[in-house]
Amino acid sequence: MNKTGTEKSIKIVDKAHLILAHYRKGKNNPEDFIFPLLDNDKDYSDQAFLYQQISAKTALVNKYLKKLAEKAEIHKSLSFHIARHTFANAARRKIKDMSKIQTMMGHGSLKTLEEYIEDLEDLSLDNDSEAIFI
């Protein structure tokens, strides 16, 4: 992970394998990028150049996500980063162990994770609402 400078080994679930297989079609070199965002023929050994290229591609994808949101009449901002928030929220609903989620997200402290998801809805209110109508 770029922020923490640590490597993580995370299992790729079956649904993700299907998506990866789609993008790997016709690619025989295991060193090639999977998604068609960065050019496999460019030299990215210069960290500043790599960072600039990733930033440019991230901006481009975020631009397309905004267009998709408009077409789908989604009135929320969509971005690569929002996907991390969505993952954190889904993990919180399923796992509930904040220290495990912290590790999965690569956050250096539990406080960072809590700040990261503080704007998400309160699960206890959801559970209370469900209990009223059961």
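Keep in mind that what you see is a predicted model, and the values were worked out from it rather than measured.
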To the closest 0.5 Å, what do you measure between CE (Met105) and CZ (Phe87)? 7.0 Å
Listed pairs under 3.5 Å, donor-acceptor, residues 16-33 side chains, sequence neighbours left out:
residue: His17; atom: NE2; partner: Ile12; partner atom: O; Å: 3.3
residue: Lys27; atom: NZ; partner: Phe33; partner atom: O; Å: 2.9
residue: Lys27; atom: NZ; partner: Ile34; partner atom: O; Å: 2.6
residue: Asn29; atom: OD1; partner: Glu31; partner atom: N; Å: 2.9

Drop me the distance from Gln102's CD to Asp97's CG, to the nearest 0.5 angstrom. 9.5 Å
Here the gap from Ile54 atom CD1 to Gln47 atom CD, rounded to the nearest 0.5 Å, amounts to 8.5 Å
Interatomic spacing from CZ in Arg92 to CE in Met98 - rounded to 0.5 Å: 6.5 Å
Got a list of side-chain donor-acceptor pairs under 3.5 Å for residues 67-80, not counting sequence neighbours?
residue: His75; atom: NE2; partner: Glu73; partner atom: O; Å: 3.4
residue: Ser79; atom: OG; partner: His81; partner atom: N; Å: 3.3
residue: Ser79; atom: OG; partner: Ile82; partner atom: N; Å: 3.1

Smallest separation among heavy atoms of Lys57 and Leu37, with atom names: CE-O, 3.0 Å
Name all pairs fulfilling the side chain to side chain donor-acceptor pair (under 3.5 Å) condition that reach into residues 33-43, sequence neighbours left out, sorted by first residue then second. Asp43-Ser45
